[in-house]
Structure formats: structure tokens, C-alpha cells
Amino acid sequence: MSTIDNNPLVSVLMTAYNREKYIAEAIESVINSTYQNWELIIVDDVSRDSTVEIARSYEVKDRRIKVYVNEKNLGDYPNRNKAASYAKGKYLKYVDADDMIYPYGLAQLVFYIEQFPDAGYGLCSLEQDVHKIFPFQLSPLETYNRHYFIAPVFHKAPLSSIIKLSIFNEVGGFSGKRMLGDYEMWHILSQKYPVVLMPHGIVWYREHDAQEMNDHKNDPIEPFKYLLLGEELIDDANCPLGKVEKLIIRKKLKRKIARSILSAFRKHSFAKGKEMKKVSNMTWSEIIKNGILNYEW
């Protein structure tokens, strides 16, 4: 067990791209934190609006704020890695330029995770557990079992996380998979390290028309990619689940994949269904067997 530090430095990471409408509120939400031992690292991904100018106006007023501008556009998860490369804190806390953290949010996150020195990361904004009060720690095996058999864990966005910098660097940061990076990261971290689960009311997620997810919300292949990645992660040699649990999950994923393909043919287009069938590597007999014959009503 490591020594508990009641006031560790938190590196708040804010990646930004064309967020002039929202970034001031995001920055001020960090500045207004009751917990004050933080640095705010803002990394702009070559915005075409006044995002950088707004960010720099705060940089000149608070020495804890540092603004960096990429030479070329990196994209979402590579830019998250870039921001982490500047960090000096014990913990990483992502607050996107269109989101906010509550005034007591950093204090809560630090208070919760510092109670569990062996944990590699924490996730908040989770639904109440009916058996015990937050925060509580789950071992790697408990985390996987909870996510696949009890209640979702790995679905949270980076905004809902707090991560030890040393652990983040150890796993090499986000892989760069578009839209999937956080889902993959929590799986990878939980292969080896415990996670601390935390309640709602710590961060605030903004929904607006300029979010990248809006460009894909009607495309069935986006949620489909999570199922395919789930198969890959379950088959990973470092997955803590046993053979029986893996077999059960694979069967569930196969059914979901098959039904997704059939749904794409029925509700979207022949081309979309054909595309999904191709990337799944499933035969028609497998799709019929898993999507229709083994359907669980």
C-alpha cells in the first residue's frame, strides 16, 4: 500500500477544437473548484475560431493554466494523449472544452480515490448500487464480472474518470481508436488494476449539435464496433475472466452482433448490412443461428 497524499496535484486536461462557445465556462468551472492544487493543461487541435484566444486570456491571469496549440490536427484520442504528455500531477482529470466540473468535483474525486491507494483509476457518474454506498473498489475480476453480468462500468466517457498518471503512462495512453478509446482504456486498465466506483453529481456533460457523436448517431456501425471490440478484449490474454465466463460473454456478443447485422438490413440498407456482415467475419449460417434461432425473448 502506498502512502496517502491528502492534497496531490491534479492535472486537469482540456482538449479543444472549435469550442469558442463553451470553453470559457469549462475553464471557469475548473478555476472555481474548492480543491485548488491543480494545473489546467489546454491543448487546442488547430481550431479555426477564437478558442485559443479565449484560452490564452485565462492563461495570462492564472499561472496554473497552460495553453498549447498543435502543429496539425491530431483528432480526439491522440490529442488526449498529447495533453497527458504535458501533465505533472499524480492524477489526470479530463474536462472537455464543452463540459464542466462541479465546484466540489475535484475535491470529491481526490477524496474518493485516495481512500484506495492500490486503485489505478476511478469512474464517477454511475447509477446507485443497491447493495453498498459509493465509493467502493473492485478488483480486475470483479470489474469485468460487474460490467458483463451485473451493470455497465466500461461505458463511461473520459469526463467521468480520474486516472493515475503513472498507470496511464504504463499502458501507453489511449490507442487512438475513434469513438472507442475510453471503452477500450477501461478494459485495459482493469486487466491489472482495481477501479474505484463513484456517484453522480461530480461532472456535467453538455449535449449540443456540434458534437462528433451527432454525425454518427444514426449509423448502426458505430455501436456495432463496440461489440466487435468487446470480442477482442474478452479474448485478450490479460482478461481476468475465467474460461466459462468468457464463453458465456462470447455467446452473448455473437447474438448481439448477429441481431445488429439483421437489423441493419431491415432498418437501414442492404449496403450497410453487407458492410457489417463483412467486418464481423460471420457466415450467413452463424448470423441466422445467433440472430434468430438463439434469440432470447
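All figures in this text were calculated on a predicted structure; none of them were measured in a lab.
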J.: I need the minimum non-hydrogen distance between Q115 and P135, along with the two atoms involved.
T.: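 Minimum heavy-atom contact is NE2-CG, 4.2 Å.
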J.: Report the distance from atom CG of D76 to atom CG of L180, rounding to the nearest 0.5 Å.
T.: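 The distance works out to 11.0 Å.
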J.: Would you say S269's side chain and K272's backbone share a donor-acceptor pair under 3.5 angstrom?
T.: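 At least one qualifying donor-acceptor pair exists.
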J.: Nearest 0.5 Å, please: how far is CZ in R63 from CG in L40?
T.: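 Between L40 CG and R63 CZ, I get 13.5 Å after rounding to 0.5 Å.
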J.: For atom CZ of F111, is the number of surrounding heavy atoms from other residues, nucleotides or ligands below 6.0 Å larger than 12?
T.: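 No, not enclosed.
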J.: So do L189 and E170 actually touch side chain to side chain, heavy atoms under 4.5 Å?
T.: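 Not in contact.
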J.: Identify the heavy atoms of T51 and A16 that sit nearest to each other, and give their distance.
T.: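 Heavy atoms of T51 and A16 come nearest at CG2-CB, 3.8 Å.
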J.: Q191 versus P140: any side-chain heavy-atom pair under 4.5 Å?
T.: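 They are not in contact (no side-chain heavy atoms under 4.5 Å apart), so the answer is no.
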J.: Working to the nearest 0.5 angstrom, can you tell me the gap between T283 OG1 and I287 CD1?
T.: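 Answer rounded to 0.5 Å: 7.0 Å.
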J.: Check the pair H200 / Q128 against side chain to side chain donor-acceptor pair (under 3.5 Å), numbers first and verdict last.
T.: CA-CA 8 Å; H200 278 287; Q128 173 176 299; over 6 Å; no
J.: Look up atom CD in E20 and atom CG in N18, then write down how far apart they are to the nearest 0.5 Å.
T.: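 Going from the CD atom of E20 to the CG atom of N18 covers 7.5 Å.
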J.: Is it the case that one hydrophobic cluster holds both L228 and L253, taking links as side-chain heavy atoms less than 4.5 Å apart, direct or via other members?
T.: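 As far as the 4.5 Å side-chain criterion goes, L253 and L228 are connected within one cluster.
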J.: Which class fits the ring pair Y183 and F154: parallel under 30°, tilted 30 to 60°, perpendicular over 60°?
T.: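 Ring orientation, 0 to 90° scale: perpendicular.
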J.: Any donor-acceptor pair under 3.5 Å linking the side chain of K156 with the backbone of S125?
T.: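 Flag set: sc K156 to bb S125 pair under 3.5 Å.
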J.: Using a cut-off of 6.0 Å, state whether more than 12 heavy atoms not belonging to K21 lie near its atom NZ.
T.: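 No, NZ of K21 has 12 or fewer neighbouring heavy atoms, counting only those of other groups under 6.0 Å.
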J.: Flag yes if I257 and L229 sit in one hydrophobic cluster, no otherwise; membership is Ile, Leu, Val, Met, Phe, Trp, Tyr, and two members link when side-chain heavy atoms are under 4.5 Å apart.
T.: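 In one cluster: yes.
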J.: Under a 3.5 Å distance rule, please check whether Y86 uses its side chain to pair with a backbone N or O of V43 as donor and acceptor.
T.: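 Such a contact is absent between Y86 side chain and V43 backbone.
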J.: Stepwise, does the salt bridge (Lys or Arg N to Asp or Glu O under 4.0 Å) test hold for K177 with E184?
T.: CA-CA 8 Å; K177 289 184 176 69; E184 179 185 45; 2.7 Å; yes
J.: Sequence neighbours left out, what passes ring pair (Phe, Tyr, Trp, His ring centres under 6.0 Å) with Y58? Give chain and number order.
T.: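 If we apply the ring pair (Phe, Tyr, Trp, His ring centres under 6.0 Å) test to Y58, skipping adjacent residues, there are no hits.
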J.: Is any side-chain heavy atom of E28 less than 4.5 Å from a side-chain heavy atom of V30?
T.: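 Contact flag for E28/V30 side chains = no.
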J.: One pair to check against ring pair (Phe, Tyr, Trp, His ring centres under 6.0 Å): H147 and H155. What are the steps and the verdict?
T.: CA-CA 9 Å; H147 177 79; H155 64 302; 7.1 Å; no
J.: Is the backbone of W186 close enough, under 3.5 Å, to the side chain of S190 for a donor and an acceptor to pair up by distance?
T.: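 Judged by distance alone, yes, a pair lies under 3.5 Å.
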J.: I want to know whether Y121 and F168 have ring centres closer than 6.0 Å.
T.: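 That pair fails the under 6.0 Å test.
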J.: Do you know the tightest heavy-atom contact between D118 and P194?
T.: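 Looking at all heavy atoms of both residues, the shortest contact is O-CD, 3.4 Å.
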J.: So that I know where these two stand, are F136 and F134 an aromatic pair - ring centroids less than 6.0 Å apart?
T.: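 For F136 and F134, the ring centres are under 6.0 Å apart.
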J.: List the atom of I261, the atom of S280, and the distance in Å for their closest heavy-atom pair.
T.: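 Smallest heavy-atom distance, with atoms named: CD1-OG, 3.5 Å.
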J.: Would you say the ring centroid of W284 lies under 6.0 angstrom from that of F265?
T.: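 For W284 and F265, the ring centres are under 6.0 Å apart.
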J.: State plainly whether one hydrophobic cluster holds both Y112 and L109, where clusters connect Ile, Leu, Val, Met, Phe, Trp and Tyr through side-chain heavy atoms under 4.5 angstrom apart.
T.: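 Yes; L109 is reachable from Y112 via cluster members.
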J.: Given K278 and E275, is the salt bridge (Lys or Arg N to Asp or Glu O under 4.0 Å) satisfied, shown in steps?
T.: CA-CA 5 Å; K278 181 179 180 180; E275 177 188 0; over 6 Å; no
J.: Indicate yes or no for a side-chain donor-acceptor contact from S85 to the backbone of K82 under 3.5 Å, with no hydrogens or angles considered.
T.: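 Judged by distance alone, yes, a pair lies under 3.5 Å.
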J.: Kindly say whether V12 contributes a backbone atom to a donor-acceptor pair with the side chain of W38 at under 3.5 angstrom?
T.: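 Answer holds: no.
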J.: Hey, does the Lys NZ or Arg CZ of R80 hover above the aromatic six-ring of Y94, less than 6.0 Å from the centre and inside 45° of the axis?
T.: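 Positive - R80 is close enough to the ring of Y94 and near enough to its axis.
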J.: For residues K88 and S11, report the shortest heavy-atom separation together with the two atoms involved.
T.: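 Answer, listing the atom of K88 first, then S11: N-OG, 3.3 Å.
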J.: Would a single hydrophobic cluster contain both I188 and Y77, if residues Ile, Leu, Val, Met, Phe, Trp and Tyr are joined by side-chain heavy-atom contacts under 4.5 Å?
T.: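 In one cluster: yes.
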J.: With a 3.5 Å cut-off and no angle check, do the side chains of N32 and S29 form a donor-acceptor pair?
T.: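 N32 vs S29: no donor-acceptor pair found between side chains.
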J.: More than 12 non-hydrogen atoms from neighbouring residues, nucleotides or ligands closer than 6.0 Å to CD1 on I150, yes or no?
T.: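 Enclosed: over 12 neighbouring heavy atoms sit under 6.0 Å from CD1 of I150.
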J.: So does E25 pair up with R19, basic N to acidic O under 4.0 Å?
T.: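 Here E25 does not pair with R19 in a salt bridge, since their nearest N and O are not under 4.0 Å apart.
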J.: Between N70 and N79, does any side-chain donor sit less than 3.5 Å from a side-chain acceptor?
T.: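 Looking only at side-chain atoms, N79 and N70 do form a donor-acceptor pair, the distance falling under 3.5 Å.
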J.: Ignoring hydrogens and geometry, is there a side-chain-to-backbone donor-acceptor pair from K93 to S161 under 3.5 Å?
T.: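 Here the side-chain-to-backbone pair exists.
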J.: Is any side-chain heavy atom of V10 less than 4.5 Å from a side-chain heavy atom of K90?
T.: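 Sidechains of K90 and V10: no contact.
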J.: Before you tell me yes or no, could you show the steps for D99 and W204 under side chain to side chain contact (heavy atoms under 4.5 Å, CB included), namely the whole-Å CA-CA distance, both residues' side-chain angles and the distance that decides it to 0.1 Å?
T.: CA-CA 6 Å; D99 296 327; W204 186 78; 5.7 Å; no
J.: Rounded to the nearest 0.5 Å, how far does CG of L247 lie from NZ of K243?
T.: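 The distance works out to 11.0 Å.
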J.: Do D235 and K246 pass the salt bridge (Lys or Arg N to Asp or Glu O under 4.0 Å) test, and can you show the C-alpha distance, the side-chain angles, and the key distance before you say yes or no?
T.: CA-CA 8 Å; D235 287 335; K246 287 184 178 183; over 6 Å; no
J.: Under the 3.5 angstrom rule, does the side chain of N81 hit a backbone N or O of F174 as a donor-acceptor pair?
T.: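 Checking the backbone N and O of F174 against the side chain of N81, a donor-acceptor pair under 3.5 Å is found.
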J.: Checking R206 against D96 for the salt bridge (Lys or Arg N to Asp or Glu O under 4.0 Å) test, could you report, in this order, the C-alpha distance in whole Å, the side-chain angles of both residues, the deciding distance, and whether it holds?
T.: CA-CA 10 Å; R206 187 191 301 272; D96 288 352; over 6 Å; no
J.: Using the side chain to side chain donor-acceptor pair (under 3.5 Å) rule, collect all pairs that involve residues 130-139, keeping only residues at least two apart or in two chains.
T.: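 Found S139-E142.
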J.: Spell out, as yes or no, whether a donor-acceptor pair under 3.5 Å connects the side chain of N290 to the backbone of K254.
T.: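 Side chain of N290 to backbone of K254: no pair is present.
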J.: When rounded to the nearest 0.5 angstrom, what distance separates NZ in K225 from CE in M276?
T.: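 Here the rounded value is 11.0 Å.
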